Amino acid sequence: MTHLLHLDASARPGFAGKDEHGSHSRNLTHRFVSQWAARRAQDGIVYRDIGQNPPSFISHDWIASSFTPEERREPWMTETLAESDQLVDELIAADVLVIGTPLYNFGMPAALKAWIDLIVRPGRTVAVDETKLPEPYVPLLADRPRHAVILSARGGIGFGPGGEMAHMNHLEPNLVTALNFIGITRIHQIAIEGQETGGDVLAASVEQALCAVDALVAALQAAVDNPASKSDRQRQAEPV
């Protein structure tokens, strides 16, 4: 059985085209997860709406607790790390991480950054090997194949790779860096652009993104069913 972890980070609670001021990124994740479940009802899905229920921000106490070896932690430290531990456990259990997120002011929403900060954990998702200086970091989630699907929505246009505004997009590059750092390297990206422009520009982008989501679901389900196939290795080497 394959396990999915589904995150929605948009501050908009509804769906674009259905609810006033609804979210395009939520539309994409809903499409992905519903298509996945329709074909593989036996798979497990954990959902977190971090846009509406943001994780905690890290604090001095959290940092002190996180960098204290487990055997030396005091009870208050264990309590401080409880939320982070739960989020990390969910991520470790996942075979496919699905992130729905808007581009806010050239980067990720604060809620998603809070989630990232809580799951990049010494001893849980990354280790340090001082014998490997100057790059001592060991990604602990490289223990088995995991996929991450980043489904994003942007108000403007040209923020994708090669676009005129790509240099101002710090959403996907930041996420990819953080996920690679802990060992998740099979990254797939689909985005909707043109929400501020609207009209045919937005409609075409939405249609293209929905078709890409459907194709990605089929490709990833084939990959998890046949993890050693040549086509899967090619997909893993060339993120969508």
Side-chain angles (χ1 to χ4, degrees), residues 1-13 23 25-26 29-30 32-33 36-37 43-102 104 107-130 136-152 171-172 174-187:
M1 185 172 71
T2 300
H3 295 274
L4 275 67
L5 175 57
H6 171 191
L7 306 178
D8 276 324
S10 176
R12 303 172 185 260
S23 166
S25 64
R26 288 178 186 271
T29 60
H30 177 75
F32 185 98
V33 173
W36 188 286
D43 290 347
I45 300 173
V46 172
Y47 178 57
R48 278 197 174 269
D49 188 343
I50 60 175
Q52 297 301 301
N53 300 285
S56 303
F57 293 134
I58 62 172
S59 63
H60 172 273
D61 286 353
W62 188 94
I63 294 170
S65 303
S66 179
F67 282 90
T68 298
E70 185 174 2
E71 65 276 10
R72 290 169 46 197
R73 285 181 194 146
E74 299 179 27
W76 69 265
M77 292 180 169
T78 300
E79 182 178 352
T80 298
L81 293 174
E83 178 185 14
S84 174
D85 282 331
Q86 182 175 0
L87 297 179
V88 169
D89 288 343
E90 291 172 354
L91 180 59
I92 291 174
D95 302 293
V96 181
L97 169 64
V98 182
I99 301 175
T101 177
Y104 284 166
M108 69 178 73
L112 183 53
K113 182 59 167 65
W115 182 83
I116 289 291
D117 289 341
L118 291 180
I119 60 90
V120 178
R121 276 279 303 279
R124 296 293 319 269
T125 58
V126 64
V128 178
D129 185 347
E130 298 291 352
Y137 302 107
V138 180
L140 298 181
L141 269 60
D143 58 323
R144 72 171 194 271
R146 289 182 176 85
H147 294 265
V149 177
I150 302 172
L151 304 175
S152 60
L171 170 59
E172 287 93 344
N174 193 324
L175 281 173
V176 170
T177 297
L179 294 173
N180 285 178
F181 184 67
I182 62 176
I184 302 176
T185 58
R186 296 162 174 83
I187 311 289

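The structure presented is a predicted model; accordingly, all values stated were derived computationally and were not measured. Atoms considered below: every heavy atom in the structure, side chains included; atoms not considered: hydrogens, waters and symmetry mates.
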Which pair of heavy atoms, one from [X] and one from [Y], lies closest together, and at what distance?
X: Y104; Y: A11; answer: OH-N, 3.2 Å
X: L118; Y: P55; answer: CD1-CB, 3.7 Å
X: A9; Y: I50; answer: CA-CG1, 3.8 Å
X: E172; Y: S152; answer: OE2-OG, 2.6 Å
X: L171; Y: P102; answer: CD2-O, 3.5 Å
X: P145; Y: R186; answer: CA-NH1, 3.6 Å

| task | Apply the side-chain contact (heavy atoms from CB on, under 4.5 Å) test between L141 and each candidate in L97, N180, T125, V126; give the one that qualifies. | result | T125
Between [X] (side chain) and [Y] (backbone), is there a donor-acceptor pair under 3.5 Å?
X: T68; Y: R73; result: no
X: R146; Y: I92; result: yes
X: R26; Y: S10; result: yes
X: S65; Y: D61; result: yes
X: E83; Y: S56; result: yes

Does any part of the side chain of [Y], heavy atoms only, come nearer than 4.5 Å to the side chain of [X], both counted from C-beta?
X: D95; Y: M1; answer: no
X: L91; Y: I182; answer: yes
X: L175; Y: L112; answer: yes
X: T101; Y: S25; answer: no
X: W36; Y: V98; answer: no
X: W62; Y: D117; answer: no
X: D85; Y: R121; answer: yes

| request: Report the distance from atom CG of L7 to atom CD1 of I119, rounding to the nearest 0.5 Å. | output: 9.5 Å
| Roughly how far apart are T80 OG1 and I58 CD1, rounded to 0.5 Å? | 12.5 Å
| query | Side chains of D8 and T29: donor-acceptor distance under 3.5 Å anywhere? | reply | yes
[atom1] of [X]: more than 12 outside heavy atoms within 6.0 angstrom?
X: Q52; atom1: CD; value: yes
X: R72; atom1: CZ; value: no
X: Y47; atom1: OH; value: yes

